[in-house]
Amino acid sequence: MSRRSVTFGFGFLAALAVGWFAFPRALYVQRAQPLEFRHKTHAGKSGVTQCSDCHALREDGEFAGIPRMDTCAACHTDRIGTSEPEATLVDNYIKKGQETPWLVYSRQPANVWFSHAIHMRRAGLKCAECHGTYGESDQPRAYQVNRISGYSRDIWGRSISRFRRAPHEGMKMSDCEDCHRKRSIEVGCLGCHQ
Amino acid sequence: MKLTRRDLLTLGGGVTTGLLFTPVPWKLLDDTSIWTQNWPWIPQPARGPVEVKNSFCALCPNGCGMRVRLAAGWPVGVSGMPHHPVNQGALCPLGFGAHQLNWHPRRLRQVRHHGRASSWTEALGAFRKACAAGPVAIIDGYPGRAASSLFQSFSRRHGSYGVTLCAEERALGPYETWSGVPATALGYDLENTATIVSFGAPLLDGWSAPGRFTRLWSERSAGVTNPQLRLIQVEASQSRTAACAWRWVSIAPGSEAALAAGLARALHEEHRASENVPMPPTTLAEAATRSGLSEDAIRELARTMVARGPVLAIAAAPEPAVAALNIVLGAVGARGGIVRRRQHAESYASADSVKGPFRAVLIDSSVPGEFALRTDAEVFRFAAWEDPAVHADWWLPAPGFLEEPSDIPAAPASSIETYALAVALASPPPEVRSAAQFLAQVNPSLASVEKVIHERCQQLFAARTGHLHREQSTAVANLKSAEALEKEFRSGAVWMGDPPRTGGVRCQLREWPAQQAMDAPHAATWTGGWIPAVLPPLATKLYQESSLREPPARSEI
């Protein structure tokens with residue numbers, strides 16, 4: 001093998017290694033959620049059976065998003081148990097009347113308008129079809145933020161190549177368009193960017 | 001082993017080729033494009049609780065009902081109010097993007113005097129000095145509001161008051177001349193009309209309140225060969241309205257008056273005209289020559305018009321011949337024609353007819369940007385957005401979209417009286433003041449806008465007529481107090497008066513009016529009625545997409 005082929009091959013393989021392994025690690029930085037919230041514990045102990053029990057739609061169809069602190073305060077006025085997250089919740093947020101600054105995995109850019117009501121009520125989509133089975137998890141997932149765009153890794157999807165993704169992975173515009181096309185639903189700019 | 005230049009180039013080639021087989025270039029391209037959307041100088045709506053509130057658009061006198069989406073208390077989206085009796089959920093492209101206007105680069109944020117930064121103290125001093133030295137004129141572009149009554153009160157002591165009427169109201173001018181009923185009290189009873197002959201009026205392109213006619217057209221006319229509502233568009237070019245009309249009659253530019261006279265003569269000759277209406281001096285041959293239609297085509301058009309009544313002719317601008325044609329058709333004061341929606345209405349002096357000499361002219365922010373008064377007086381112009389093409393000695397920053405409370409009188413050319421309150425949903429920049437606030441500083445005895453609105457609510461309650469419209473309709477007589485009525489208004493209710501009575505307007509016409517050239521008909525489109533020369537990005541996008549509307553039985557390239 002000639003010296004030129006070896007040099008070229010070395011550069012080629014090094015680039016592949018950097019691009020597939022080092023680059024994703026360098027691109028995303030991990031941030032901790034302010035609280036260690038456990039969906040599974042709440043579902044088991046509090047009798048919460050549906051996502052909509054906490055992540056409800058308001059009367060006007062607007063999605064309420066993450067429950068506000070007064071919802072948590074209904075049960076956690078005083079500490080339940082002795083865990084550190086419980087102490088943080090009660091002392092740092094509920095008693096001070098402050099909202100928890102959750103890092104939202106699926107937060108979209110400000111120029112995107114998305115109606116949960118239309119997708120849930122009219123299209124009959126289940127929460128897990130877009131959000132996965134996070135509601136059954138016992139630990140908060142790592143929140144990874146893109147250093148350049150500033151958005152969560154969930155928007156692009158866990159797979160850096162976007163190949164072999166699970167159906168719920170990825171919330172980019174192209175993912176919305178693909179889903180609409182599969183269901184033969186109109187795709188127009190002003191549907192989401194109004 | 002020595003590393004040569006050739007080795008480095010080969011290594012670089014290998015790295016470059018290798019990177020093309022990784023996600024790096026594509027992911028960096030994607031992330032960089034998103035990064036450019038988030039540069040610090042690009043306005044970003046605040047994150048916070050999302051809520052939807054009702055209000056009304058005061059950008060033009062049509063006062064359409066709106067549902068405004070707020071994030072963290074800031075308007076971030078606008079849609080039509082479905083229960084509004086006039087616009088019925090529809091908005092013009094400008095209304096849909098109006099929340100973006102407050103962030104426009106031309107937003108006026110400080111007092112300017114002859115191009116230099118100044119202050120409210122200096123502006124007030126200059127205006128007080130002008131008031132002391134001689135009469136002043138106040139020009140209002142949206143008469144009938146609480147603020148307008150304050151302008152009138154001030155003018156009674158210090159000078160004159162004039163208004164700039166929108167194109168739809170100006171087109172009603174001939175009826176005011178002949179009947180004595182102010183144009184602001186007249187309207188078109190479109191809901192009960194079967195055939196509309198539009199002489200260049202852009203009925204489907206933002207004429208009057210945008211939802212009113214488009215809703216009627218879509219329900220009774222769109223895509224039907226023999227529609228319940230026939231729209232005949234008489235226009236030189238194939239406008240958007242002409243493209244969607246049941247019939248488009250292409251005529252020579254500027255020949256609307258000649259054709260109206262020709263149609264009136266054809267109706268006279270076939271004994272289809274109302275009695276006691278003079279015969280136009282224009283012969284059919286003359287009308288045919290001027291309009292470019294044949295005599296037979298004019299006769300056929302006249303027969304088609306009256307084949308299904310009631311018939312109503314609408315002009316884009318004040319055109320006495322079209323108004324006279326309505327008298328011939330018996331459409332004035334009749335169901336489905338020109339009706340009187342209000343018994344007691346004020347007749348306003350046109351801003352163009354306000355005569356000096358004045359020491360100063362104060363122009364309210366509701367006056368269209370294109371309005372210019374030929375005067376040597378010192379001009380104090382209120383505006384939320386600066387227009388460099390417009391002359392003013394003083395530019396005074398006014399509240400922008402939904403930054404001040406205002407009452408919303410009935411839309412021009414509406415057949416039914418309405419009243420509503422546009423609550424302020426956005427905080428104005430600190431340097432902003434309305435013309436009413438400015439005048440109250442000059443003359444502290446003037447009442448506030450809020451006080452006048454409160455009095456008007458009490459008057460409406462005392463009259464106990466009409467209905468309040470929200471999701472459900474309630475008779476005003478069923479409300480317990482004036483405070484309850486005002487509370488309903490502040491949450492987005494619209495008061496709607498009783499339906500107009502026919503016969504409330506009679507026009508005396510002794511001879512056929514002399515022909516005159518019509519104003520440019522495009523003045524009544526949604527862009528023509530718009531006050532400053534700025535547009536939100538969403539409006540331009542929407543308007544571009546609106547050209548994709550498919551007219552019935554016709555394709556448009």
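The sequence lines fix the lettering, A, B, ..., with proteins before strands; numbering per chain opens at 1. Note that these values count all heavy atoms, side chains included, but never hydrogens, waters or copies made by symmetry.
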inquiry  = So for atom CZ, which belongs to A:Arg162, do other residues, nucleotides or ligands contribute more than 12 heavy atoms lying within a distance under 6.0 Å?
reply    = yes
query = Would you say B:Lys53 has more than 12 foreign heavy atoms packed within less than 6.0 Å of its NZ?
reply = no
ask   = Do A:Trp113 and B:Val76 touch side chain to side chain, with heavy atoms closer than 4.5 Å?
value = no
key: A:Arg31 CZ: over 12 foreign heavy atoms closer than 6.0 Å   = no
inquiry  = For residues 143-157 of chain A, give me every residue with a non-hydrogen atom less than 4.5 Å from any non-hydrogen atom of chain B.
reply    = A:Asn146, A:Ile148, A:Ser149, A:Tyr151, A:Trp156
remark   = Those residues of residues 10-29 of chain A that come under 4.5 Å of chain B on a heavy-atom basis, listed by number, are A:Phe10, A:Gly11, A:Phe12, A:Ala15, A:Leu16, A:Gly19, A:Trp20, A:Phe23, A:Leu27, A:Tyr28
B:Asp31, part contacting chain A, at a heavy-atom distance under 4.5 Å = both
request  = Using a cut-off of under 4.5 Å on heavy-atom pairs, state which of B:Gly14, B:Gly18, B:Pro25 scores highest against chain A.
outcome  = B:Gly14
inquiry  = For A:Glu84, I'd like to know if atom CD has over 12 heavy atoms of other residues, nucleotides or ligands within 6.0 Å.
reply    = no
inquiry  = Atom CD of residue position A:Gln30 - does it have more than 12 heavy atoms of other residues, nucleotides or ligands inside 6.0 Å?
reply    = yes
key: Residue selection (most heavy-atom pairs with chain A, distance under 4.5 Å) from B:Leu9, B:Val24, B:Ile34, B:Thr10   = B:Thr10
request  = Answer yes or no: are there more than 12 heavy-atom neighbours, outside B:Arg6 itself, under 6.0 Å from its atom CZ?
outcome  = no
key: Reported CG-to-CZ distance for the pair B:Asp7 and A:Arg3, which is rounded to 0.5 angstrom   = 4.0 Å
request  = Using a cut-off of 6.0 Å, state whether more than 12 heavy atoms not belonging to B:Gln472 lie near its atom CD.
outcome  = no
